[in-house]
**Q** 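One structure follows; several queries about it will come next.
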Amino acid sequence: TGSADTVSLSSKPGRKNWALILGGAIVLLTVGVAIVGPGLAPWDPLEEHTIIQTDDGWKTAPFPAFTIPGFPLGSDPRGRDLLSRILWAVRPTMILITIVALARLVVGTLVGLAAGWSSGRLGRVLDTAIALALSVPTLMVALGMITAVGIEWGLVAFLIGLSVNGWAETARLVRERTRLVKGQQYIEAARALGQSDTQIIVGHVLRQVMPMVWMLLALEISSTVMITSGLGFLGYFVGGDIWIEIEDYVARQFSGMPELGQMLATADMGIIRVSMTGIPWAMAAVGTVIFAIVLGFNVLGDGLQRQLSLEQAGRRRRVSASTRSASVWL
């Protein structure tokens, strides 16, 4: 009774899905920054300002946050504006994680459908593959695969590394949903009418699985952002850097167009790699942006899951009401 009351209260007409609203707003803001961010940047992300004159005298890079006019978030060790670099970095990061998330979603959906529908040897093999993929940390597999393929392959290396076992969670969810739908009576009716397995999967099973796709895509993007951020912190990011040796055991790192993983990897290192002083405001700024993106897609996925549950509950209530009305009429 308690659970039924909870469902009825949570699905009242007019009750707002705040998770969907908040997550959607953050995601739209992120997409907007990815599209128009470079045009809003006050500086060229590669323009260096080694020394600047202020009212207090001459200031040398790196500039702390909120201390130099025109550099609200400060600068990196080479005097490049952090705000401009972040506005430029969101676009390539979103392109990377969207491509990887879509690849993982497609593979996971296909494997999940095959595993959920097959009941013989193929089903057991796919179940074992899903279990094995879930048992290995995705970050470790991605790190090994990117190293094996070669970071110089860029996006291809990340696509392979992050997709080797990143599809497993989606496959598990789709598999359970497929098995639930497979046991329904209308599937038996469709089979009795002479429909093939392919026709049943496309015409009936996919209709029940597709509403989950948007929720799974949001969660896949969130997971991919976390993994790419971890790889970036470890020094693996798209594009790579150029190292020029200054003297023995001392080298200078030159990075190109900004990307969030790259900025997270180099934010705490300074000009000289062996320096441990770091730039905390740079890491805090980049980390906050990554946190906001992950939060937005996580909350959006939760909101889409709630919306899907409400729609399913509403359909069940409409069917129950129709059944009761038919019983009364009879």
Side-chain angles (χ1 to χ4, degrees), residues 22-23 25-50 52 59-101 154-155 158 221-242 253-271 277-300:
L22 178 61
I26 297 176
V27 170
L28 286 177
L29 178 61
T30 303
V31 175
V33 171
I35 295 174
V36 303
L40 301 176
W43 299 94
D44 186 327
L46 300 180
E47 184 177 356
E48 300 182 11
H49 305 83
T50 307
I52 290 181
K59 302 291 184 181
T60 58
F63 309 128
F66 311 110
T67 58
I68 304 297
F71 294 83
L73 297 181
S75 74
D76 66 2
R78 297 169 61 189
R80 298 177 297 186
D81 180 40
L82 278 177
L83 177 60
S84 301
R85 290 181 64 78
I86 288 175
L87 290 175
W88 275 83
V90 173
R91 178 185 294 178
T93 301
M94 290 302 300
I95 292 174
L96 166 66
I97 64 177
T98 301
I99 293 175
V100 173
L155 180 60
F158 277 78
I221 292 178
S222 173
S223 174
T224 305
V225 173
M226 289 292 294
I227 297 173
T228 53
S229 300
L231 290 172
F233 187 80
L234 295 174
Y236 288 79
F237 46 86
V238 176
D241 282 343
I242 300 174
Q253 185 179 24
F254 293 87
S255 58
M257 294 304 294
E259 189 265 332
L260 291 180
Q262 174 207 82
M263 296 181 67
L264 191 64
T266 59
D268 64 334
M269 293 305 178
I271 293 180
T277 56
I279 310 174
W281 63 86
M283 180 167 287
V286 179
T288 300
V289 174
I290 294 174
F291 168 78
I293 295 175
V294 173
L295 176 66
F297 280 100
N298 265 334
V299 175
L300 177 62

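Note that the structure is predicted; figures quoted are calculated from it, not measured. The first residue in the sequence is number 1, and the count goes up from there.
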**Q** Does R91 form a side-chain contact (heavy atoms from CB on, under 4.5 Å) with V33? I'd like the steps, not just the answer.
**A** CA-CA 8 Å; R91 178 185 294 178; V33 171; over 6 Å; no

**Q** Between A101 and I221, what is the shortest heavy-atom contact and its length?
**A** CB-CG1, 3.6 Å

**Q** Please assess F237 against L231 for the test side-chain contact (heavy atoms from CB on, under 4.5 Å), listing each intermediate value before the final yes or no.
**A** CA-CA 7 Å; F237 46 86; L231 290 172; over 6 Å; no

**Q** Check for a donor-acceptor pair, side chain of R80 on one end and backbone N or O of L46 on the other, with a separation under 3.5 Å.
**A** no

**Q** G79 and F63: which non-hydrogen atoms are nearest, and at how many Å?
**A** CA-CE1, 4.3 Å

**Q** Look only at the side chain of E259 and the backbone of G261, and say whether a donor-acceptor pair between them is shorter than 3.5 Å.
**A** yes

**Q** Which heavy-atom pair separates V225 from S229 by the least distance, and what is that distance?
**A** O-OG, 2.7 Å

**Q** Are L295 and S222 side-chain neighbours, meaning at least one heavy-atom pair lies under 4.5 Å?
**A** no

**Q** Taking atom CE of M226 as the centre, does the number of heavy atoms from other residues, nucleotides or ligands within less than 6.0 Å exceed 12?
**A** no

**Q** Search all heavy atoms of G74 against all heavy atoms of D81 and return the closest pair with its distance.
**A** O-OD1, 3.5 Å

**Q** Going through the distances and angles, do F233 and M283 end up as a side-chain contact (heavy atoms from CB on, under 4.5 Å)?
**A** CA-CA 10 Å; F233 187 80; M283 180 167 287; 3.9 Å; yes

**Q** I293 vs L260, test: side-chain contact (heavy atoms from CB on, under 4.5 Å). Steps then yes/no.
**A** CA-CA 11 Å; I293 295 175; L260 291 180; 4.0 Å; yes

**Q** About how many Å separate CD1 of I97 and CZ of F158, when rounded to the nearest 0.5 Å?
**A** 12.5 Å

**Q** Between S84 and A41 (side chain of the first, backbone of the second, donor and acceptor by atom type, cut-off under 3.5 Å), is there such a pair?
**A** no

**Q** State which residue, out of I86, T30, L87, V294, fulfils the side chain to side chain contact (heavy atoms under 4.5 Å, CB included) condition with V289.
**A** I86

**Q** With sequence neighbours excluded, what pairs up with T228 under the side-chain hydrogen bond (donor to acceptor under 3.5 Å, both in side chains) test?
**A** none

**Q** Using every non-hydrogen atom in the two residues, find where I52 and H49 come nearest and quote the distance to one decimal.
**A** CD1-CB, 3.9 Å

**Q** If I take atom OG1 from residue T224 and atom CZ from residue F297, how far apart are they, to the nearest 0.5 angstrom?
**A** 10.0 Å

**Q** Between CZ of R85 and CG of L73, what distance do you get to the nearest 0.5 Å?
**A** 12.5 Å

**Q** Under 30°, 30 to 60°, or over 60°: which ring-plane class applies to W43 and F71, parallel, tilted or perpendicular?
**A** parallel

**Q** Please find the pair of heavy atoms, one from P72 and one from L83, that lie closest to each other, and give the distance.
**A** CG-CD2, 3.6 Å

